[in-house]
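This structure is a prediction, so every number in the text was calculated from the model and none was measured. We count ligands from 1, going down the list as the structure has it; atoms in each ligand are counted the same way. For reference, positions follow the sequence shown, starting with 1.
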Amino acid sequence: MTLSNGRQYLAIPGPSVVPDRVLRAMHRASPNIYTGDLHEMTYGLLPDLKQVAGTAGDVAIYMGNGHAAWEASLNNILQEGDQVLVPVTGRFAIGWANVARALGAEPVLVDFGMSAAADPAKIEDALRSDKAHKIKAVLAVHTDTSTSVRNDMAAIRAAIDAAGHPALLMADCICSMGCDRFEMDAFGADVAITASQKGLMTPPGLAFVWFNEAAAAARETADRTTPYWDWKPRVRPPGFADMFFGTAPTHHLYGLREALTMIHEEGLENVWARHATLARAVWAAVDAWSEGGEMRLNLANPAERSHAVTSIRMAEGDGDRLRAWTETEAGVTLGVGLGREPASAYFRIGHMGHVNAQMVLAVLGTIDAGLKALDIPHGRGGVEAAATVIAGK
Ligand SMILES: *Cc1c(COP(=O)(O)O)cnc(C)c1O
């Protein structure tokens, strides 16, 4: 006998749950790529994408994942001899830094550990000591999915300005876009990137790069740009095919159209508020469980926690045991411990995108059952604490 038969729930931090509406929008015959509805529909995505990122700048769409967005953004900015300053609060910052290195730039890493947000004062110091202004950009991950650290992007912009440094602020919003409040222009980011499969609720396959005039100016002196990644023809396409440097990702675009419509219908403020409340429910449960065992939220400070993903530490081995139990015995797949040692002590809950109260309560109830089934010591009342948050009490 197993209790896992029924609808499986993938509660990992991306790919996230794809709404049935998005799947239905993608379920169609191949459209004509040379003329017709596809063109109008695709051009119509652009204002909505700019609204989701909070910018009056441009947006380029690529066929690719988040790694593609990393490369696309740097490909249009970097010049021989550039440095990039990278605040490290998890493994994804290091991944982006490695792409910069592969493109010939020298990453300057500032390490903030794996359980705290970046300290803007240290970023300011690092920029002040760069008298020759070799640092072209600060590569800042808004929410690092491996640790669930959320960095304060507006404060990082303020640090750049306080140092009087011309560096661009480039924001990895792959985990945060459509989950945590991010307003590119208001926060002072020059470039923002994301991918389709997290807060944007569309299958993996689309990458996005937004950029403002300062970044567009940097593009004019960049010497790493290659045809596929060049953002210029993508944002001012002479013809539709130039927008994707070849065949458009037809079905993904229809799926994205539906996802953006859903975000618009709910309202971006409400989308952010939903994520914030569901995240607080998760934190409340873990705090209750941690009263009687080794389970802990990775982030002590709520202001530094993502609203899209939560990283949780347990005793060594227990993260793996718990994940195996919830998946095979109850039909819920939790995220692996990523970039932390020992990985078997960690797991992550994705609560991003098409997620509502009952889904979060189900995941937390399943974890509670797993803790009991595996005799992992834990405090009582985790689900009760989450329900209290959901109830608004
Ligand atoms: C998921 C993620 C990435 C990597 O995206 P892929 O689509 O897996 O290439 C990079 N940065 C952050 C913050 C992410 O959450």
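Here Asn65 has heavy atoms under 4.0 Å from ligand 1 in both its backbone and its side chain. Residue Trp70 touches ligand 1 through its side chain alone, judged by heavy-atom distances below 4.0 Å.
Ranking protein heavy atoms by distance to atom 11 (N) of ligand 1, first place goes to Asp172 OD2, 2.8 Å. Nearest protein neighbour of atom 6 (P) of ligand 1, counting heavy atoms only, is Gly66 N, 3.3 Å.
Between the side chains of Asn75 and Thr226, at least one donor-acceptor pair of N or O atoms lies under 3.5 Å. For the 3.5 Å distance criterion, the side chains of Asp172 and Trp70 qualify, holding a donor opposite an acceptor.
Put simply, the residue from Asp37, Thr42, Thr202 that forms a side-chain hydrogen bond (donor to acceptor under 3.5 Å, both in side chains) with Tyr254 is Asp37. Here the rule is salt bridge (charged side-chain N to carboxylate O under 4.0 Å, His left out) with Asp180, and of Arg305, Arg274, Arg150 only Arg150 fits it.
The shortest heavy-atom distance from Val309 to ligand 1 is not under 4.0 Å. Using a 4.0 Å heavy-atom cutoff, Asp144 is absent from the residues neighbouring ligand 1. Not close to ligand 1: His142, with no non-hydrogen atom less than 4.0 angstrom away.
The environment of NE2 in His264 is sparse: at most 12 heavy-atom neighbours from other residues, nucleotides or ligands sit within 6.0 Å.
Ligand-side atoms of ligand 1 in range of Lys198: 1 (C), 2 (C), 3 (C), 14 (C), 15 (O), range being under 4.0 angstrom from any heavy atom. When each atom of ligand 1 is checked for a heavy atom of Thr145 under 4.0 Å away, the hits are 12 (C), 13 (C), 14 (C), 15 (O). Below 4.0 Å from some heavy atom of Thr143 lie the following atoms of ligand 1, by number and element: 13 (C). In the vicinity of Gln197, heavy-atom distances shorter than 4.0 Å reach the ligand 1 atoms 6 (P), 7 (O). Applying the 4.0 Å criterion to heavy atoms of Cys175 picks out, from ligand 1, the atoms 15 (O).
Relative orientation of the His142 and Phe187 rings is perpendicular, given thresholds of 30° and 60° on the angle between their planes. Between Phe240 and Tyr43, the ring planes are perpendicular. Angles over 60° get that label, and only those under 30° would be called parallel.
Ser311 places no side-chain N or O within 3.5 Å of a backbone atom of Asn298 that could act as its donor or acceptor partner.
Ring pair His133/His165: centre-to-centre distance below 6.0 Å.
For ligand 1, one of its N or O atoms has an N or O atom of His67 under 3.5 Å away.
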